[in-house]
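Only heavy atoms go into these numbers, but all of them, side chains included; no hydrogens, no water, no symmetry mates. Order of the sequence lines fixes the chain letters, A, B, ..., with proteins taken first and strands second; residue numbering starts at 1 for each chain.
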Amino acid sequence: NAGVTQTPKFRVLKTGQSMTLLCAQDMNHEYMYWYRQDPGMGLRLIHYSVGEGTTAKGEVPDGYNVSRLKKQNFLLGLESAAPSQTSVYFCASSPRTSLFFGEGSRLTVL
Amino acid sequence: AQSVTQLDSQVPVFEEAPVELRCNYSSSVSVYLFWYVQYPNQGLQLLLKYLSGSTLVKGINGFEAEFNKSQTSFHLRKPSVHISDTAEYFCAVSDLEGGSEKLVFGKGTKLTVNP
C-alpha cells in the first residue's frame, strides 16, 4: 500500500527558480493538505483542498500556489523560490478527521 | 484562531520511567484532538485521537491521553517508556465549528529516552 507519496524527496533550488512538488494518494480521500515544517515551529498549513477542483489558503500561503485537478493528486508550486522557503514540506490526506502523511520533501533554496 | 501549546519543547527520561507530554489548546468550542509521532526523517503517524465519548483515549505503542474540557488539555502519557519511543510528538486540534477539516499543530515535544 503506497498511501501518500511525495515527489521529489530532495531538491536544491536557486533563488528565483520555480518548482512543483507532487503529492499522490491512493486512499480515495477527499481532503488533502500541504504543510511546512521548520525547527521549533511545528507544522504550519500552507494550502488545503476539500475536494477535486477546490483549494483554500491555510496559515502561511504567501509565495505558494496549489492545484487539485484530480482527486488523487495535490500539487504545490513555488513560482519564484526564496531562501525563506527552505523547509521540509509534508503532504497529507484525510477522509475527514485523521490525517495520513507522506514522508516529506526537503527543499533548500540557495 | 485556535492555537495549541505544548508546554515542553524537550523531555529527557530514562528507559522504563513514566512520561507525560503536556498539551493545551485555546478553543472553547467542541474539538477533535490528536497526538502524532514523528520518528527521525519520517512523516507523522497518528498515535491516538479524541473525537467524542470517553475522555481517556488509548493509542498505539502503549500511549494514552486524557481529554479535560475544563482545563482545555489533552496530555499524553505512557507508564513505561522504551528507547524506541525517542521521537518528536505533536499535539493537534481541529474545531468543529471552524471547519474540522483543518488541523492546527503545536510546536512539538522532543522525547529522548536514555538507557
Answer with side chain, backbone, both or neither: which region of A:S94 has an atom nearer than 4.5 Å to a non-hydrogen atom of chain B?
-> neither

From CZ (A:F101) to CG (B:L46), nearest 0.5 Å | 9.5 Å

Correct closest heavy-atom pair for B:G43 and A:F90 would be CA-CE2, 3.5 Å

Chain A contact via B:Q45 - side chain, backbone, both or neither, heavy atoms under 4.5 Å | neither

Against chain A, label B:L44 side chain, backbone, both or neither, depending on which of its atoms sit under 4.5 Å from a heavy atom there.
-> both

Is B:V4 reachable from A:I46 through a run of hydrophobic residues whose side-chain heavy atoms are each under 4.5 Å from the next?
-> no

Going only through I, L, V, M, F, W and Y residues with side-chain contacts under 4.5 Å, is there a path from B:F63 to B:I60?
-> yes

A:R44, part contacting chain B, at a heavy-atom distance under 4.5 Å = neither

Same cluster (ILVMFWY, side-chain, under 4.5 Å), B:V13 and B:L21 = yes

NZ of B:K102 to OH of A:Y33, rounded to nearest 0.5 Å, is 10.0 Å

Cut-off 4.5 Å, heavy atoms of chain B, and the answer for A:Y35 is side chain

Spacing of A:R106 atom CZ and B:N41 atom CG [to the nearest 0.5 Å] = 6.5 Å

Path from B:V31 to B:F74 over hydrophobic side-chain contacts below 4.5 Å | yes

A:L21-A:L75 co-clustered via ILVMFWY side chain contacts under 4.5 Å = no

Taking all non-hydrogen atoms of both residues into account, name the closest pair between A:Q37 and B:F90 and its distance.
-> NE2-CZ, 3.3 Å

Give, as side chain, backbone, both or neither, the part of A:Q6 having an atom under 4.5 angstrom from any heavy atom of chain B.
-> neither

Over 12 non-hydrogen atoms of neighbours within 6.0 angstrom of CD in B:E15 = yes

Taking everything shown except A:E52 itself, do over 12 heavy atoms lie less than 6.0 Å from its CD?
-> yes

Counting only heavy atoms closer than 4.5 Å, note whether A:L43 contacts chain B via side chain, backbone, both or neither.
-> both

With respect to chain A, which residue among B:Q6, B:K107, B:E88 yields the maximal number of heavy-atom pairs within a distance under 4.5 Å?
-> B:K107

NZ/B:K110: more than 12 non-hydrogen atoms of other groups inside 6.0 Å | no

Hey, does A:L99 have a side-chain heavy atom less than 4.5 Å from the side chain of B:Y36?
-> yes

